[in-house]
Amino acid sequence: MTVDALEQQFRRLIRNAEHVVPEDDLLERLREGRPLRVKLGLDPTAHDVTLGWAVPLRKLRQFQDEGHTAVLIVGDFTARIGDPSGRSITRPRLSPEVVRANAEACVTMLLDILREDHLEVRYNSEWLEPLDLEDILGLTSHFTVAQMLERNDFAARFKEQRPISLIEFLYPLCQAYDSVAVKADVELGGNDQLFNLLVGRDLQQAHGQRPQIALTMPLLEGLDGVQKMSQSLGNYVSIRDRPTEMFGKLMSVPDGLIGRYAALATDLDNEGVAELEEASRIGGPRAGRAKRAMARAVVGLYHGTDAAGEAEAAFDRQFKEHQAPEEMAEATLPAGAVDGSSVYLPGVLSDLGLASSRGEARRLIAQGGVRVDGETVVDEQVQVERLRGSVVQVGKRRFVRLI
RNA sequence: GGCGGGAUACCCUAGCGGCCAAAGGGAGCGGCCUGUAAAGUCGCCGGCUAAUGCCUACGGAGGUUCAAAUCCUUCUCCCGCCA
């Protein structure tokens, strides 16, 4: 490979990265011309791939495309122990079978992004399970409490006098040991993983290995624009969301995030990203158009450009022309709800999951948030004929067709 | 191990015998506005087909009282100081 080509590969690989520690070592290893072992850890309790999680995954895919080996570490052992992080109640321990099944489902989903060649999937129980206490004490001896407290969230919790379980100190060690076990050249992760990745370097060195390069990707903010995208917060887009849903969710993102999404969740080049970012700063209709372009690019990435175009058209039908969407959930009128010729609508709404309770449904109706075939419902009792075959809408985006 | 403090709805927090389904803030939801953005604005925000009604709920279990989120006992968990 020419020096130039190498340099370009290097630029591609570090593009958008938040930290590359140390950068020059990555270039050096690329020069060796061998496939690098690029590790990425996977928590098998997650069951959906969000756009946020896709950021490091897509980076891993880039490495694959350059001929390097993706080493996917399934944290089956650690999942079995349960992470007591923060104040959250200790997760129930999962049985090995359940973890395994989850993990396999996860890996399958990851193949939406990763390629099947240049891929190595490893379960960390393979090397963590056989460790005995002596081995574990040996691992801990390489680190000090002060080192552990360097980690931001530990430092913060310590300062605020919130509990830190000892087991939490062991997690970075387990993860670091994974790096030793698979002889990683590079480990990828979200930026919140930086500390753990650096622990991996130290531990590899302690085991006489060349320390891995830690490459972290920015954490993508969720739809709310504030917190990081996560399944538990419900502010996420799944890469398996239907095109229309994906497009719609992306259109609800705050303006300030357009550039960020464009950079991290699309395959637009730097100029394209800069253009959208600029437009989003200007605001007004230009920002709206920039957001559309971003949404189209994301949907296009996972569903193809045709689907993206259709999603945008469907979006306009629904929100500019206020037509019901073409595809929506269908449901039958719950039999119990019918009383003679009229129906108690709050009961129907809560049975269909459009409202969390009958009281909630009644409130929605009272506030004018419920429509049948586009017409705002005023009364709680509704004629059966009016409902049969109708489209029931709650709020702006929840639709169900009754059949 | 000793002593002290604490656990309130999704989160943070007030209440400290009846006026408490529980103040305030955040999050969330709905209407208007709009670019399904932000800001703004009006409203909702435990459940029950009306209710000045009933049920469930202030960490768990008991108790005192006509009446308990509030008092007592005990258990669990958290925090602090001392060791």
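Protein chains get the first letters and strands the later ones, always in sequence-line order, with residue 1 at the start of each.
Base pairing annotation: A39(B) forms no Watson-Crick or G-U wobble pair, as no partner gives both donor-acceptor distances under 3.5 Å.
Spacing of P atoms, C54(B) relative to A69(B), comes out at 15 Å, to the nearest Å. Here, A68(B) and U73(B) have their C1' atoms 15 Å apart, quoted to the whole Å. G26(B) and A39(B) have their P atoms separated by 12 Å, with the value rounded to a whole Å. Look at the C1' atom in both G59(B) and U65(B): the space between them is 23 Å, to the nearest Å. Atom C1' of U56(B) sits at a distance of 23 Å from the matching atom of U64(B), rounded to the whole Å. Here, U36(B) and G30(B) have their C1' atoms 14 Å apart, quoted to the whole Å. Taking atom C1' on both nucleotides, G15(B) is separated from A22(B) by 8 Å, rounded to a whole Å. U74(B) and G5(B) are spaced 14 Å apart, taking the P atom of each and rounding to whole Å.
Look at Glu278(A) and Arg281(A) and you find a salt bridge, because one of the NZ, NE, NH1 or NH2 atoms lies within 4.0 Å of a carboxylate O, short of that distance. Taking a cutoff of 4.0 Å between a charged side-chain nitrogen and a carboxylate oxygen, Arg58(A) and Asp267(A) do not qualify as a salt bridge. The pair Arg31(A)-Asp25(A) fails the salt-bridge criterion, with no side-chain N (NZ, NE, NH1 or NH2) lying under 4.0 Å from an Asp/Glu carboxylate O. Residues Arg386(A) and Asp373(A) are not paired through a salt bridge, judged by the lack of any N-O separation under 4.0 Å between the basic side chain and the carboxylate.
Side-chain atoms of Arg363(A) lie closest to C45(B) of the nucleotides G35(B), C45(B), C29(B). Among the nucleotides G30(B), U34(B), U49(B), the one closest to the side chain of Gln381(A) is U49(B). Counting only heavy atoms from C-beta on, Phe319(A) has its side chain closest to U36(B) among U49(B), U36(B), C29(B). Across U34(B), C44(B), G35(B), the shortest atom-to-atom separation from the side chain of Lys291(A) is found for G35(B). Comparing U49(B), G31(B), G43(B) against the side chain of Tyr344(A) picks out U49(B) as the nearest. Here the side chain of Met251(A) is nearest to one of G30(B), U36(B), U49(B), namely U36(B). Comparing atom distances between the Gln367(A) side chain and each of G47(B), A37(B), G43(B) picks out G43(B) as nearest. Minimum atom distance to the side chain of Ala287(A) is reached by G35(B), of the listed G35(B), A50(B), C48(B). Among the nucleotides C48(B), C33(B), C29(B), the one closest to any side-chain atom of Leu364(A) is C29(B).
Across all strands shown, Arg398(A) has heavy atoms under 4.0 Å from sugar-phosphate atoms exclusively, and none from any base. Using a 4.0 Å heavy-atom criterion, one finds that Val370(A) contacts no nucleic acid atom at all. Among the atoms of the strands shown, only primed sugar atoms or phosphate atoms (P, OP1, OP2) are found under 4.0 Å from some heavy atom of Arg362(A). Contact annotation for Gly288(A): base contact, defined as any heavy-atom pair under 4.0 Å involving a base atom. Residue Arg397(A) is classed as a base contact, given a heavy-atom separation below 4.0 Å to a base. Residue contacts shown for Gly284(A) include a base, since a base heavy atom lies under 4.0 Å away. Among the protein residues, Gly359(A) comes within range of the sugar-phosphate backbone only, with heavy atoms under 4.0 Å from sugar or phosphate atoms but none that close to a base. Pro254(A) comes within contact range of the sugar-phosphate backbone alone, with a heavy-atom separation under 4.0 Å but no base atom that close.
Tyr123(A) carries Arg100(A) over the face of its six-membered ring, with the cationic atom under 6.0 Å from the centre and within 45° of the normal.
Comparing Asp255(A) and Ser350(A) against RNA chain B, the residue whose closest nucleotide sits nearer the 5' end is Asp255(A). Checking Arg358(A) against Thr244(A), the closest nucleotide of RNA chain B that is more toward the 5' end is the one next to Thr244(A).
Here the CD-CG distance, from Gln212(A) to Asp178(A), works out to 10.0 Å after rounding to the nearest 0.5 Å.
Considering His207(A), Lys39(A), Arg37(A), Gln204(A) in turn, Lys39(A) is the only one that fulfils the side chain to side chain donor-acceptor pair (under 3.5 Å) rule with Ser179(A).
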